[in-house]
Amino acid sequence: MSLAVETANRLMVALDVPNPEEARVLVRLLEGIPCYMKVGMQLFYAAGPDFVRELKAMGYSVFLDVKMHDIPNTVKGGANSVTKLGVDMFNVHAAGGVKMMQAAREGALAAVAEEPSLHLPQIIAVTQLTSTDQSTLNREIGIPGSVEDAVVHYAQMTKEAGLTGVVASPLEVSAIKSACGIEFKTVTPGIRPAGSSLADQSRVLTPSQAMEQGTDYMVVGRPITAAKNPREALVEILEEMKQGV
Ligand code: C5P
């Protein structure tokens, strides 16, 4: 695989738009670049499973970012349904606990057992949202200690549950890899090219810094979707990523 393709496979474009029409415009602008497409709750709740099938039919890898967090039996059913959609990755909240995370895996495995043409998606757990800072963690969520300690603890629980990896800030990748091993995957939002707006993110790095930290997949939304020229913005980010390889 060429470096360009390998780099693009590690970039996930967050299609955070309100309807499938706007998403199609973006996807068309980015055509030919083999990046992952991330469908989050805004688009999924509006466009539904059909839009995910459409992306899969176009050959994209899809990360369904619906952050499941419910009792184990319900998450098992949710995981079963999204696996049948053919997604390549989906996520749950680590805060749901080890049993809930194991149930997600069981639901996905059951779908593959029923339909052997399906593949097992990578199942990722959200540790702490990249918008969560120290004071939110301590005062509002009620978890004492540092954000990094809380993230590493959740990453260890995720590994214990047998999932593929975690969503975290790029600032936490090295601590996660030290605690859980190099093969344990990290998916990192909170990526901001130098000079771009932070918006509501607080624990951020640039694309090249995130690559240097050893992130496996980076999620980028507004720096691409809100750019005057999204394709140019995406290509610039890929160039920045290559500098950090
Ligand atoms: O626009 P921006 O680059 O901030 O988008 C980041 C994307 O990553 C959003 O779709 C957001 O929902 C998602 N995300 C996040 N933090 C997490 C998990 C997912 O920002 N912990």
Side-chain angles (χ1 to χ4, degrees), residues 10-19 22-23 26-27 30 35-47 51-52 55 62-69 82 87 89-96 101 104 122-134 136-137 140-141 143 147-148 150-155 157-158 163-173 175-176 185-207 209-210 213 215-228 230 233-234 236-238 240-241:
R10 292 172 64 182
L11 180 65
M12 302 177 143
V13 178
L15 297 173
D16 292 331
V17 292
N19 55 59
E22 281 185 48
L26 255 173
V27 170
L30 306 179
C35 51
Y36 244 90
M37 291 295 174
K38 183 176 89 70
V39 177
M41 50 182 95
Q42 182 184 20
L43 183 59
F44 191 64
Y45 293 162
F51 187 71
V52 172
L55 287 172
V62 175
F63 171 19
L64 189 63
D65 178 18
V66 287
K67 300 183 178 70
M68 297 177 199
H69 190 175
V82 301
V87 302
M89 181 184 285
F90 71 91
N91 57 2
V92 299
H93 268 284
M101 290 193 274
Q122 301 195 69
I123 312 176
I124 300 289
V126 177
T127 52
Q128 290 297 334
L129 298 172
T130 40
S131 53
T132 299
D133 59 16
Q134 177 87 42
T136 312
L137 182 80
E140 299 174 23
I141 304 177
I143 296 177
V147 174
E148 186 172 298
V151 166
V152 168
H153 173 69
Y154 275 161
M157 295 300 102
T158 304
L163 303 194
T164 320
V166 288
V167 187
S169 154
L171 289 160
E172 289 133 13
V173 168
I176 292 167
K185 300 277 187 262
T186 51
V187 177
T188 59
I191 303 290
R192 288 294 178 264
S196 68
S197 150
L198 283 189
D200 54 353
Q201 298 284 14
S202 66
R203 306 191 327 273
V204 303
L205 283 185
T206 66
Q209 288 169 331
Q213 293 299 311
T215 187
D216 295 286
Y217 298 97
M218 61 179 81
V219 176
V220 185
R222 287 160 291 183
I224 294 171
T225 57
K228 275 207 189 86
L234 172 56
E236 267 170 39
I237 290 169
L238 291 174
E240 273 197 53
M241 285 170 72

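When a ligand or atom number is given, it counts from 1 through the structure's own listing order. All values below were derived from every heavy atom in this structure, side-chain atoms included, with hydrogens, water molecules and symmetry-related copies excluded.
Residue nearest to atom 3 (O) of ligand 1, selected from A14, G221, A226: G221 (by heavy-atom distance).
Nearest non-hydrogen protein atom to atom 6 (C) of ligand 1 is Q201 NE2, 3.6 Å. Ranking the protein heavy atoms by distance from atom 17 (C) of ligand 1 puts P189 CG, 3.6 Å first. Atom 11 (C) of ligand 1 has as its closest protein heavy atom K38 NZ, 4.1 Å.
Residue contacts with ligand 1, taken as heavy atom pairs separated by less than 4.0 Å, involve D16 solely via side-chain atoms from C-beta onward. Proximity of D65 to ligand 1, defined as any heavy-atom pair under 4.0 Å, is confined to the side chain (atoms from C-beta onward). For T130, heavy-atom contacts with ligand 1 shorter than 4.0 Å involve the backbone as well as the side chain.
Within the structure, ligand 1 has K67 among the residues with a heavy atom less than 4.0 angstrom away. For P223, the closest heavy-atom approach to ligand 1 falls below 4.0 Å.
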F90/F63 under ring pair (Phe, Tyr, Trp, His ring centres under 6.0 Å): CA gap, chis, key distance, verdict: CA-CA 6 Å; F90 71 91; F63 171 19; 9.0 Å; no
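Ligand-side atoms of ligand 1 in range of R192: 1 (O), 2 (P), 3 (O), 4 (O), range being under 4.0 angstrom from any heavy atom. Atoms of ligand 1 found under 4.0 Å from any heavy atom of V167 (numbered from 1 in listed order, with element): 17 (C), 18 (C), 21 (N). When each atom of ligand 1 is checked for a heavy atom of L129 under 4.0 Å away, the hits are 17 (C), 21 (N). For ligand 1, the atoms closer than 4.0 angstrom to any heavy atom of R222 are 1 (O), 2 (P), 3 (O), 4 (O). For ligand 1, the atoms lying closer than 4.0 Å to a non-hydrogen atom of V219 are 7 (C), 8 (O).
None of T158, I124, N91 except one satisfies the side-chain contact (heavy atoms from CB on, under 4.5 Å) rule with L163; the exception is T158.
In this model, a donor atom of one side chain and an acceptor atom of the other lie less than 3.5 Å apart for T188 and T215.
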